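Report on the structure given below.
The shown structure was predicted, so the numbers you read here are calculated from the model rather than taken from an experiment.
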Amino acid sequence: MSAELRDLALEAARAAAVLVGERRAVGVEVAATKSSDVDVVTEADRASERLIREFVLGRRPDDAFLGEEGDDVAGTTGVRWVVDPIDGTVNFLYGIPAYAVSVAAEVDGRVEAGVVLNVATGAEYAAARGLGATRDGNPIQTRPAAPMSRRLLATGFGYAEEARRLQADGLTRLLPRVRDIRRFGSCALDLCAVAEGTVDGYLEEGVHLWDYAAGALVAQEAGAAYRLGTGRWGGQSVVCGPAEGFAELLELVDEIGYFGE
């Protein structure tokens, strides 16, 4: 079943990516803001979510659906689709080539399939539980463990002013201990970067299920581990890295109080 859900997720993500790409080509319209005036929603976000919902529920009408933009549907099958129609909306707004359609499928509360499709580059990351992870159909895996001082980590920032102050404070303690920090602007793509070995780890507070559901499964199936928690201002936090050496990453994060004491 996991493989079937993955394949349907990939079909839906491809259809949504076409829509998102077309909307980017003709210009982006900001439709609303959410947590702050820099946390934007575009008409393309809403259209992409509607398309994915209609696509997957057209095939599986009794499934549940959870989307970032609020198009939630109850179901009876034990399968729930968890969707971020554009992860990296600010990148999408500015034309920075790191924004993705993220589609995951839970079965009885556990993610069993996930797809992250970078609309700007066409890269397709996919996973089904127990069946491995791929990029464009080719298997991927995490980087070998490295000493902490030679690990390249990715992160992201919240939109609220106080959240950013706390994150900046954490970065001043983290940066001297690692090789460097990268901020790409998409949780889903950051997790896929861990999966394919282009970064050694990822950590962020303020993530939501739709941000990480698909990408975390891709990372796991590529050999990563991750931990969810509660951060310094009460938002959900995630730490992800190759399973080998993950304990050392967690130890550092906790030692410096990146997410709080």
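In this structure, CD1 in I86 is found 4.0 Å from OG1 in T42, a value given to the nearest 0.5 Å. Rounding to the nearest 0.5 Å gives a distance of 13.5 Å between CD of Q141 and OG1 of T134. With values rounded to the nearest 0.5 angstrom, E68 atom CD is found 6.0 Å from W210 atom CH2. Distance check: L152 CG to R182 CZ gives 5.0 Å after rounding to the nearest 0.5 Å.
Between D45 and T89, the side chains place a donor N or O and an acceptor N or O closer than 3.5 Å (distance only, hydrogens not considered). Between E204 and Y212, the side chains place no donor N or O within less than 3.5 Å of an acceptor N or O (distance only, hydrogens not considered). A donor-acceptor contact closer than 3.5 angstrom links the side chains of D63 and T77. Side-chain contact check for T76 and D62: no donor-acceptor pair (N or O, by modelled atom type) lies under 3.5 Å.
Under the 4.0 Å criterion applied to side-chain N and carboxylate O atoms, E69 and R50 are not assigned as salt-bridge partners. The pair E112-R6 does not count as a salt bridge, with every side-chain nitrogen at least 4.0 angstrom from each carboxylate oxygen. Ion pairing of D180 with R151 is absent here, as no side-chain N (NZ or NE/NH1/NH2) approaches a carboxylate O to less than 4.0 Å. The residues E162 and R165 are annotated as salt-bridged, a charged nitrogen and a carboxylate oxygen being separated by less than 4.0 angstrom. Salt bridge absent: R143 and E196 never bring a charged side-chain N and a carboxylate O closer than 4.0 Å.
Minimum heavy-atom separation, L51 to A16: CD2-N, 3.7 Å. Scanning all heavy atoms of the two residues, the minimum distance from A13 to V115 falls at CB-CG1, 3.8 Å. The minimum heavy-atom distance between S186 and D87, with the atom names listed, is OG-OD2, 2.6 Å. Counting all heavy atoms, side chain and backbone alike, A113 lies closest to S2 at CB-O, 3.6 Å. Nearest heavy-atom pair across A12 and V56 is CB-CG1, 3.9 Å. Nearest approach of G114 to A214, heavy atoms of both residues: CA-CB, 3.8 Å.
Residues V83 and R53 have side chains not in contact (no heavy-atom distance under 4.5 Å, counting atoms from C-beta outward). Taking the side chain as every heavy atom from C-beta outward, F65 and E49 approach each other to under 4.5 Å.
Clustering of Ile, Leu, Val, Met, Phe, Trp and Tyr by side-chain heavy atoms under 4.5 Å joins Y125 with V116, I140, L189, V218.
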Requested in this report: With salt bridge (charged side-chain N to carboxylate O under 4.0 Å, His left out) as the test, would you mind laying out the steps for D200 and R179 before giving the verdict?
Outcome: CA-CA 10 Å; D200 297 292; R179 167 167 278 170; 5.7 Å; no
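Remark: side-chain polar atoms of R173 are paired, donor with acceptor, to backbone N or O of I256 under 3.5 angstrom. Under a 3.5 Å cut-off, the side chain of Q236 and the backbone N or O of E205 do not form any donor-acceptor pair. Checked by atom type and distance alone, the side chain of E221 pairs as donor or acceptor with a backbone atom of G132 at under 3.5 Å. Side chain of N118 to backbone of A123: no donor-acceptor contact under 3.5 angstrom is found. Side-chain atoms of N91 come within 3.5 Å of backbone atoms of F184 as a donor-acceptor pair (strictly under, hydrogens ignored). Between the side chain of T155 and the backbone N or O of L203, at least one donor-acceptor pair lies under 3.5 Å. Without hydrogens or angle criteria, T198 side chain to A193 main chain gives a donor-acceptor distance under 3.5 Å. Side-chain atoms of D211 come within 3.5 Å of backbone atoms of H208 as a donor-acceptor pair (strictly under, hydrogens ignored). Counting only distance, with no hydrogens or angles, the side chain of R80 and the backbone of G75 share no donor-acceptor pair below 3.5 Å. S48 places a side-chain N or O within donor-acceptor distance of the main-chain N or O of P85, the cut-off being under 3.5 Å.
When the side-chain contact (heavy atoms from CB on, under 4.5 Å) test is applied to L250, the partners found at least two apart in sequence or on another chain are R227, V239, F246. Legend: residues meeting ring pair (Phe, Tyr, Trp, His ring centres under 6.0 Å) with Y99, ordered by chain and number and at least two apart, are F92.
Heavy-atom neighbours of E11 CD from other residues, nucleotides or ligands within 6.0 Å: above the threshold of 12.
No continuous path of hydrophobic side-chain contacts links L10 to V107 [ILVMFWY only; heavy atoms under 4.5 Å].
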